[in-house]
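Here's the structure, in structure tokens; my notes come after.
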Amino acid sequence: MPIDSLELLFRENIRRMKPYVPGEQPQGGKFIKLNTNENPYPPSPLAVRAIQQAAETSLVRYPDPLATAFRIQAAEVLGIDPDWILCGNGSDDILTIVTRAFVGEGDALRLPYPSYILYRTLAEIQNARYEEIFFDKDFRLGASFVAAGERLKLAFLPNPNSPSGTVLPPQEVLALAEQLPCPLLVDEAYVDFAEHDCIDLVRRNPRVMVSRTLSKSYGLAGLRFGFLIAHPDIIAMLRKVKDSYNCDALAIAGATAAIGDRQWFAENRAQVLATRERLSRGLAELGFAVTPSQANFVWCRHHDYPAEELYQRLKADRILVRYMNYPGWGDGLRISVGTDAQIDACLSLLSSYLTASAPPAD
Ligand SMILES: *Cc1c(COP(=O)(O)O)cnc(C)c1O
């Protein structure tokens, strides 16, 4: 069989799909990375110590399939019961498990637009359709998000949303859930930087699920750990779909220690929020239109200067931000909250590009 026809061995929908492309992760060179919303600070030292200890003592055996130690710790922090929690290899794993469990071939998955592009990929792998519903101007969702849909099986709502950093208040999310003819997964990857969360909705409506991650607000993107909060009957079904050992021993140990370290969390959060204000203010002073953010990134555009060009120039100067272009909606820059020094470096470069290109003042 000629090599170039290996593609034909694959399912039709896999052949057709475009791969999901995550933000650049340069492996060499010195970049200031403000493009994938990682935490700019190292994780809790307690987490690092727990990982080291687990490496020395627990690698020879398979890990706990249910990550019980983490569920007990997280349940205490969140004020829920451990059997309302399902753990995953990053929250992307959680999204995959939920999609595989609810959405089959020919079914439909509903998403807001613009939002997290990975959701489309999850639908495509299932050979399912996705229905994208535009946010309105002030990032609210209208009646079409909750309308009946043919073979509609699941809806995703990132809250706070990416790339906008905006949130729908919990009572609005509950209203959406009550009207939707299918379960709703609220993706709370960024909620630790926001004012409110939707965990309480899970108790009020068992068709609401909430996903969380330790990648952003705990500084553990490299560890891969996320979890889902849902009614125990839903968790029990989802356990049938997940890989038996989807969380490794090091991740379970590190995540358990990390979520238990409330002091690290509170200090880190306060610092990230302070720098987010510094970034938003600095961009506004440079003439950017800045969407008020409740996440650890800021979405902005400049009326006089194309976003793609700013992205390219920053990259040439070794600062990576995310340029995003959503057909039918528009483009802009999503800038992650780094350290104060990183943000100052980014703002001062942007300032130099803008002043250099400004029409001469006379
Ligand atoms: C980063 C992100 C995730 C994935 O987080 P991981 O736990 O690292 O897999 C999920 N949803 C949204 C909207 C994100 O931005």
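Keep in mind the model is a prediction, meaning the values are calculated, not measured.
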Check the side chains of [Y] and [X] for a donor-acceptor pair under 3.5 angstrom, ignoring hydrogens and angles.
{"X": "Gln126", "Y": "Asp107", "value": "no"}
{"X": "Glu267", "Y": "Gln263", "value": "yes"}
{"X": "Tyr353", "Y": "Asp317", "value": "yes"}

Side-chain heavy-atom pair [X], [Y] within 4.5 angstrom cut-off:
{"X": "Arg140", "Y": "Pro169", "answer": "yes"}
{"X": "Val186", "Y": "Leu201", "answer": "no"}
{"X": "Phe288", "Y": "Val298", "answer": "no"}
{"X": "Leu141", "Y": "Leu168", "answer": "yes"}
{"X": "Leu174", "Y": "Asn205", "answer": "yes"}
{"X": "Asn296", "Y": "Ser217", "answer": "no"}
{"X": "Thr275", "Y": "Thr339", "answer": "no"}
{"X": "Arg224", "Y": "Leu250", "answer": "no"}

Side-chain ([X]) to main-chain ([Y]) donor-acceptor, under 3.5 angstrom:
{"X": "Ser293", "Y": "Ala295", "value": "yes"}
{"X": "Asn13", "Y": "Glu124", "value": "yes"}
{"X": "His196", "Y": "Val167", "value": "no"}
{"X": "Asp92", "Y": "Gly226", "value": "no"}
{"X": "Asn159", "Y": "Glu188", "value": "no"}
{"X": "Arg151", "Y": "Glu105", "value": "yes"}
{"X": "Lys242", "Y": "Ser244", "value": "yes"}

Between [X] and [Y] (salt bridge meaning N to carboxylate O under 4.0 Å), is one present in this structure?
{"X": "Glu132", "Y": "Arg120", "value": "yes"}
{"X": "Arg71", "Y": "Asp83", "value": "no"}
{"X": "Arg16", "Y": "Glu12", "value": "yes"}

Return the [atom1] to [atom2] distance between [X] and [Y], rounded to the nearest 0.5 Å.
{"X": "Phe70", "Y": "Ile259", "atom1": "CZ", "atom2": "CD1", "value": "4.0 Å"}
{"X": "Arg318", "Y": "Leu349", "atom1": "CZ", "atom2": "CG", "value": "13.0 Å"}
{"X": "Leu157", "Y": "Met209", "atom1": "CG", "atom2": "CE", "value": "12.0 Å"}
{"X": "Tyr218", "Y": "Arg269", "atom1": "OH", "atom2": "CZ", "value": "10.5 Å"}

Between [X] and [Y], is there shared hydrophobic-cluster membership here, with clusters defined by ILVMFWY side-chain heavy atoms closer than 4.5 Å?
{"X": "Leu118", "Y": "Leu111", "answer": "yes"}
{"X": "Ile14", "Y": "Ile117", "answer": "no"}
{"X": "Phe139", "Y": "Val146", "answer": "yes"}
{"X": "Leu214", "Y": "Ile97", "answer": "yes"}
{"X": "Val290", "Y": "Phe135", "answer": "no"}

Centroid separation [X] to [Y] less than 6.0 Å:
{"X": "Tyr116", "Y": "Phe156", "value": "no"}
{"X": "Tyr130", "Y": "Tyr119", "value": "no"}
{"X": "Phe297", "Y": "Phe193", "value": "no"}

Could you tabulate the donor-acceptor pairs under 3.5 Å formed by side-chain atoms of residues 327-336, not counting sequence neighbours?
residue : atom : partner : partner atom : Å
Asp331  : OD2  : Tyr323  : OH           : 2.8
Arg334  : NH1  : Ser162  : OG           : 2.9
Arg334  : NH2  : Asn35   : O            : 3.0
Ser336  : OG   : Leu34   : O            : 3.1
Ser336  : OG   : Asn37   : N            : 2.8
Ser336  : OG   : Asn37   : OD1          : 2.7

**OP:** From the options Asp248, Asn89, Ile252, select the one residue that forms a side chain to side chain contact (heavy atoms under 4.5 Å, CB included) with Phe225.
**Re:** Ile252
